K.L.:
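Questions regarding the structure given below will be posed in turn.
What you are looking at is a predicted structure, and each value in this text was computed from that prediction instead of being measured. Chain A is the first sequence line, chain B the second, and so forth, proteins listed ahead of strands; every chain is numbered from 1.
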Amino acid sequence: MRVKSIVCVKRVPDTEARIRIAGDGASIDPSGVKFVLNPYDEFAVEAALRQKEGAGQGEVTVLSVGDGGSAEVLRTALAMGADAAVLLKSAAPLEGLAVAKALAEEIRGREYDFVFFGMKAIDDDLQAVPAMTAELLGIPVATAVFDFEVAGGKVTAQREIEGGTEVVELKLPCALSLTKGAFEPRYASLKGIMAAKKKPLEEKAAAGDGAGTSLKLQYPPERQAGRIVGEGPDAVPELLRLLREEARVI
Amino acid sequence: MAGIFAFAETRDGELRKAAHEVVTGARKVADALGTEVHAVLLGGSGVGGAAQELARYGADKVFVGESAAFDRYSPEGFTTVAASFIKEHGCDAALFSSSAIGRDLAPRVAGRLGVDYASLATRVEVEGGALVVTRPRYSGKVFSTVTLSAKPAVVSLGPNAFTPAENPKAGTVETLSVAVDEADFGAIVREIRAAAGEKLDVSEAPIIVSGGRGLGGPENFKLIEELAAAFGGKAAVGASRAVVDAGWRPHGEQVGQTGKTVAPQLYIAVGISGAIQHLAGMRTSRYIVAINKDPEAPIFKLADYGIVGDLFQIVPRLTEEVRKIMS
Ligand SMILES: Cc1cc2nc3c(=O)[nH]c(=O)nc-3n(C[C@H](O)[C@H](O)[C@H](O)COP(=O)(O)OP(=O)(O)OC[C@H]3O[C@@H](n4cnc5c(N)ncnc54)[C@H](O)[C@@H]3O)c2cc1C
Ligand SMILES: Nc1ncnc2c1ncn2[C@@H]1O[C@H](COP(=O)(O)O)[C@@H](O)[C@H]1O
């Protein structure tokens with residue numbers, strides 16, 4: 001059996017990055033910000049690699065919509081073990097429906113068993129692209145999946161829901177968006193990093209009108225600096241008094 | 001006909017708190033636009049019994065779609081019914097909750113309708129006939145405001161964006177004909193496995209007691225569980241990633257960037273340092289309490305109230321005092 005997977009990945013600021021709003025009030029200031037492969041997309045790459053390894057044969061193609069800088073995260077995925085990459089270039093930053101349209105347009109002509117996504121991009125925090133792309137492609141999708149297995153041409157995926165797990169059965173080909181769980185990502189080996197340099201990375205223009213979303217960004221209201229109520233167990237009564245009389249939460 | 005579509009989520013035939021929030025939010029939007037709230041209630045046979053409750057929170061009309069295929073959440077069935085409803089009625093906006101179902105269903109519906117979608121809104125306002133939505137990005141380090149001028153505006157409401165408020169309306173019940181066939185679906189929910197012990201989930205609890213590496217070992221989490229239990233069914237147990245990765249606690253309890261985003265009335269962080277990725281998941285909590293032996297721990301910068309000291313001495317005392325208050 002050959003398993004063919006497509007993995008959609010995004011370049012995002014590292015979780016530790018200090019985010020500053022740029023002068024235009026609509027974008028973030030990239031200076032000094034380290035950019036990485038979206039952590040959830042690492043789970044997606046890992047899942048695709050394991051499908052291929054489990055089957056013994058297959059192909060893993062990674063796609064990213066972004067500017068030239070996104071080539072970097074595609075190389076990271078290639079270094080982890082993906083076979084080929086396509087950068088769908090867009091000068092304006094796209095998100096949501098615009099990304100889903102560009103991805104669907106590229107995926108439509110391809111042959112695949114799986115399209116893998118991360119559960120969310122940690123920059124826009126949208127959790128939209130996987131379900132939207134699947135809708136545009138007309139394929140089944142399960143979102144926020146932490147584990148899945150394939151048997152008899154069907155996928156059984158487990159999703160985390162409030163107070164439990166939802167078990168979803170999907171027909172192939174299908175899309176899955178992954179969260180933390182069974183697919184702890186591997187590190188790229190030195191050999192992998194060297195090999196990635198020779199793997200194909202195609203660049204083309206992203207489909208669509210190229211218009212980005214227009215946003216107004218603002219910082220959250222500052223939380224008032226808190227106070228230390230006291231030290232040790234003797235501070236407990238005062239804490240409870242504050243919670244009852246000042247905060248009125250209990 | 002227009003109207004605001006409000007998705008009324010149920011589980012086991014009962015409305016969830018999320019449904020009250022969504023109808024409350026839809027009521028505000030509908031009043032600002034001068035239109036009606038159309039609550040849509042989908043489920044197995046008998047789910048329509050919840051219609052009057054939706055009227056109490058402000059639904060002008062309640063559309064009930066009952067089907068054996070809807071005993072459990074049906075991702076594709078719900079998408080088809082919701083998208084056709086919104087299209088046929090020319091709804092101005094469609095509101096969903098940010099529950100596991102809401103986060104799954106809303107972007108499907110938006111994709112089906114070919115419109116944009118704003119998730120986890122903290123504020124929804126109406127300006128010049130369009131919805132203006134504020135939502136967090138970069139795990140709450142920044143908020144964005146966007147005007148959704150295309151119709152329908154598809155939005156999911158973040159936890160506590162709208163506090164459920166009663167505002168009784170007629171709530172005329174209409175039956176939706178749902179001709180769905182499971183055989184057409186590519187994705188079907190086969191089973192729902194409840195987590196052991198019917199525990200309150202962190203994303204729904206008004207109070208969360210979270211434990212971190214400072215607990216020293218999984219066995220000591222009984223201190224956290226006892227404190228949570230002292231609040232009498234109102235509190236859930238949460239955890240930092242450090243203790244989830246160590247296998248001390250299940251991932252469902254993890255709060256933070258790669259866990260859940262929560263906004264309870266009260267968040268008590270015990271033996272948690274307050275790493276930026278943890279704060280990402282709980283910074284919008286109404287009140288934050290920190291218990292940590294290190295006065296320099298970053299969690300104290302965010303906490304409204306802190307106690308410096310050994311959690312093994314402080315937590316048992318706190319549990320005891322809370323029990324007294326609650327009894
Ligand atoms: C991509 C990425 C995603 C991440 N996502 C998450 C996430 O979703 N959620 C999350 O929580 N983390 C996340 N992290 C990890 C995060 O960076 C921290 O490592 C983690 O939050 C630390 O957990 P902790 O506070 O329990 O442990 P520590 O940082 O080790 O803190 C333990 C605290 O306990 C205190 N302590 C020790 N003993 C006692 C005692 N006896 N009494 C009182 N206090 C005591 C110490 O002073 C210390 O402050 C992520 C990291 C990355 C890189
Ligand atoms: N620009 C992009 N290029 C490729 N994949 C993307 C892009 N944006 C989002 N995705 C995929 O969609 C997932 C969810 O993103 P989002 O809906 O933006 O939260 C991500 O984890 C990626 O797998």
K.L.:
Quick one: what part of A:Ile122 sits under 4.5 Å from any heavy atom of chain B, side chain, backbone, both or neither?
P.N.:
both
K.L.:
Looking at B:Val142, B:Val146, B:Leu105, B:Thr122, which one has more heavy-atom pairs under 4.5 Å with chain A than the rest?
P.N.:
B:Val142
K.L.:
Taking B:Arg135 for its side chain and A:Asp125 for its backbone only, find out whether a donor-acceptor pair lies under 3.5 Å.
P.N.:
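Looks like yes, one N/O pair under 3.5 Å.
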K.L.:
Main chain of B:Ser203, side chain of A:Glu162: is a donor-acceptor contact present, judged purely on distance under 3.5 Å?
P.N.:
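No.
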K.L.:
Specify which of A:Thr143, A:Leu126, A:Val155 makes the most heavy-atom pairs with chain B at under 4.5 Å.
P.N.:
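Looking at each of A:Thr143, A:Leu126, A:Val155 in turn, A:Leu126 comes out on top.
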K.L.:
Counting only non-hydrogen atoms closer than 4.5 Å, does A:Ala142 touch chain B with its backbone (N, CA, C, O), its side chain (CB onward), both, or neither?
P.N.:
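Answer is backbone: N, CA, C or O of A:Ala142 sit under 4.5 Å from chain B.
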K.L.:
Looking at B:Thr258, is its backbone amide N or carbonyl O close enough to the side chain of A:Lys120 to form a donor-acceptor pair, meaning the two atoms are under 3.5 Å apart?
P.N.:
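Not a single qualifying donor-acceptor pair exists.
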K.L.:
Could you tell me which non-hydrogen atom of B:Pro107 sits nearest to which non-hydrogen atom of A:Gln127, and how far apart they are?
P.N.:
CG-O, 3.7 Å
K.L.:
Please flag which part of A:Ala128 lies under 4.5 Å from any non-hydrogen atom of chain B: side chain, backbone, both or neither.
P.N.:
both
K.L.:
When you look at B:Thr134 and A:Gln218, which way does the side chain to side chain contact (heavy atoms under 4.5 Å, CB included) test go after all the steps?
P.N.:
CA-CA 10 Å; B:Thr134 301; A:Gln218 66 268 345; 3.7 Å; yes
K.L.:
Report which part of B:Pro136 has an atom under 4.5 Å of a heavy atom belonging to chain A: side chain, backbone, both, or neither.
P.N.:
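For B:Pro136, the backbone is the part near chain A, not the side chain.
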K.L.:
Where on B:Ser156 is there a heavy atom nearer than 4.5 Å to chain A: the side chain, the backbone, both, or neither?
P.N.:
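Answer is neither: B:Ser156 stays 4.5 Å or more from chain A.
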K.L.:
Heavy-atom pairs under 4.5 Å with chain B - which of A:Pro39, A:Gly164, A:Ala100 has more of them than the others?
P.N.:
A:Gly164
K.L.:
How close do A:Tyr219 and B:Lys141 get, heavy atom to heavy atom, and via which atoms?
P.N.:
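That would be CD2-O, 4.0 Å.
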K.L.:
Using side-chain heavy atoms (C-beta onward) and a distance below 4.5 Å, is A:Pro140 in contact with B:Glu76?
P.N.:
yes
K.L.:
Can you name the closest pair of heavy atoms from B:Ile307 and A:Gly232 and give their distance?
P.N.:
CG2-O, 3.6 Å
K.L.:
Is there a donor-acceptor contact under 3.5 Å from the side chain of A:Thr15 to the main chain of B:Gln277?
P.N.:
no
K.L.:
Any side-chain heavy atom of B:Arg193 within less than 4.5 Å of one from A:Val167?
P.N.:
yes
K.L.:
Name the region of B:Ile276, side chain, backbone, both or neither, that has any atom closer than 4.5 Å to a heavy atom of chain A.
P.N.:
side chain
K.L.:
Just wondering, more than 12 heavy atoms not from B:Arg123 lying within 6.0 Å of its CZ?
P.N.:
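No.
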K.L.:
Measuring heavy-atom distances to chain B, does A:Val141 have an atom under 4.5 Å in its side chain, in its backbone, in both, or in neither?
P.N.:
both
K.L.:
How about A:Glu238: does its CD atom have over 12 heavy atoms from other parts shown lying under 6.0 Å from it?
P.N.:
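Counting other residues, nucleotides and ligands, CD of A:Glu238 exceeds 12 neighbours.
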K.L.:
Can you say whether A:Pro221 sits under 4.5 Å from chain B via the side chain, the backbone, both, or neither, judging by heavy atoms?
P.N.:
neither
K.L.:
Under a 4.5 Å cut-off applied to non-hydrogen side-chain atoms, are B:Val289 and A:Leu239 in contact?
P.N.:
yes
K.L.:
Report which part of B:Glu204 has an atom under 4.5 Å of a heavy atom belonging to chain A: side chain, backbone, both, or neither.
P.N.:
side chain
K.L.:
Need one label for A:Ile28: side chain, backbone, both or neither, based on atoms under 4.5 Å from any heavy atom in chain B.
P.N.:
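For A:Ile28, the side chain is the part near chain B, not the backbone.
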K.L.:
Which answer fits A:Tyr40, side chain, backbone, both or neither, if we ask what part of it has an atom under 4.5 Å from a heavy atom of chain B?
P.N.:
side chain
K.L.:
So does A:Arg18 have more than 12 non-hydrogen atoms from other groups sitting under 6.0 Å from CZ?
P.N.:
no
K.L.:
Please rank A:Leu243, A:Val12, A:Ile139 by heavy-atom pairs under 4.5 Å with chain B and give me the top one.
P.N.:
A:Leu243
K.L.:
What part of A:Leu242 gets closer than 4.5 Å to chain B, counting heavy atoms only: side chain, backbone, both or neither?
P.N.:
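Looking at A:Leu242, backbone and side chain both touch chain B.
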K.L.:
Could you pull out the closest heavy-atom pair between A:Met132 and B:Ala110, with the gap in Å?
P.N.:
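Residues A:Met132 and B:Ala110, closest heavy atoms: CE-CB, 3.6 Å.
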K.L.:
Is the shortest side-chain heavy-atom distance between B:Ile101 and A:Ile161 below 4.5 Å?
P.N.:
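Contact flag for B:Ile101/A:Ile161 side chains = no.
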K.L.:
Stepwise, does the side chain to side chain contact (heavy atoms under 4.5 Å, CB included) test hold for B:Glu191 with A:Val168?
P.N.:
CA-CA 7 Å; B:Glu191 191 189 339; A:Val168 190; over 6 Å; no
K.L.:
Could you tell me whether B:Asp245 and A:Lys180 make a salt bridge, using a distance below 4.0 angstrom between a side-chain N and a carboxylate O?
P.N.:
yes
K.L.:
Which heavy atom of B:Val115 sits nearest to which heavy atom of A:Leu97, and what is that distance?
P.N.:
C-CD2, 3.8 Å
K.L.:
Of the backbone (N, CA, C, O) and the side chain (C-beta and beyond), which part of A:Ser214 lies under 4.5 Å from a heavy atom of chain B, both, or neither?
P.N.:
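Looking at A:Ser214, just its backbone touches chain B.
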K.L.:
With a 4.5 angstrom heavy-atom cut-off, could you sort out which part of A:Glu246 is near chain B: side chain, backbone, both or neither?
P.N.:
both
K.L.:
Tell me which of these, A:Lys171, A:Glu169, A:Lys216, has more heavy-atom pairs under 4.5 Å with chain B than the rest.
P.N.:
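When all of A:Lys171, A:Glu169, A:Lys216 are compared, A:Glu169 has the most.
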K.L.:
For the candidates A:Gly138, A:Ala17, A:Ala144, A:Ala121, which exhibits the highest count of non-hydrogen atom pairs separated by less than 4.5 Å from chain B?
P.N.:
A:Ala17
K.L.:
So which residue, A:Asp234, A:Val249, A:Val129, ends up with the most heavy-atom pairs under 4.5 Å with chain B?
P.N.:
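Answer, by heavy-atom pair count under 4.5 Å with chain B: A:Val249.
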K.L.:
Quick check: do B:Arg72 and A:Glu166 have side-chain heavy atoms less than 4.5 Å from each other?
P.N.:
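No; the side chains remain at least 4.5 Å from each other.
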K.L.:
Output yes when a side-chain donor or acceptor of B:Lys234 lies under 3.5 Å from a complementary backbone atom of A:Ile250, and no otherwise.
P.N.:
no
K.L.:
Which pair of heavy atoms, one from B:Glu321 and one from A:Leu240, lies closest together, and at what distance?
P.N.:
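Closest heavy-atom pair between B:Glu321 and A:Leu240: CB-CD1, 3.1 Å.
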K.L.:
Please look at A:Arg20 and chain B and tell me whether the side chain, the backbone, both or neither of the residue comes under 4.5 angstrom of a heavy atom of that chain.
P.N.:
neither
K.L.:
So for A:Pro237, is it side chain, backbone, both, or neither that comes closer than 4.5 Å to the heavy atoms of chain B?
P.N.:
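Contact with chain B: side chain only.
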K.L.:
Kindly determine whether B:Arg137 and A:Glu95 satisfy salt bridge (charged side-chain N to carboxylate O under 4.0 Å, His left out), including the steps that lead there.
P.N.:
CA-CA 12 Å; B:Arg137 308 167 77 83; A:Glu95 62 186 55; 2.6 Å; yes
K.L.:
Within a strict 4.5 Å, meaning less than it, do heavy atoms of the B:Asp104 and A:Arg159 side chains meet?
P.N.:
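Side-chain contact under 4.5 Å: yes.
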K.L.:
Looking at A:Arg241, I'd like to know if its CZ atom is crowded, meaning that more than 12 non-hydrogen atoms belonging to other residues, nucleotides or ligands lie closer than 6.0 Å.
P.N.:
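Atom CZ in A:Arg241 is crowded, with more than 12 foreign heavy atoms closer than 6.0 Å.
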K.L.:
With only heavy atoms counted, which part of B:Gln254 is less than 4.5 Å from chain A, the side chain, the backbone, both or neither?
P.N.:
side chain
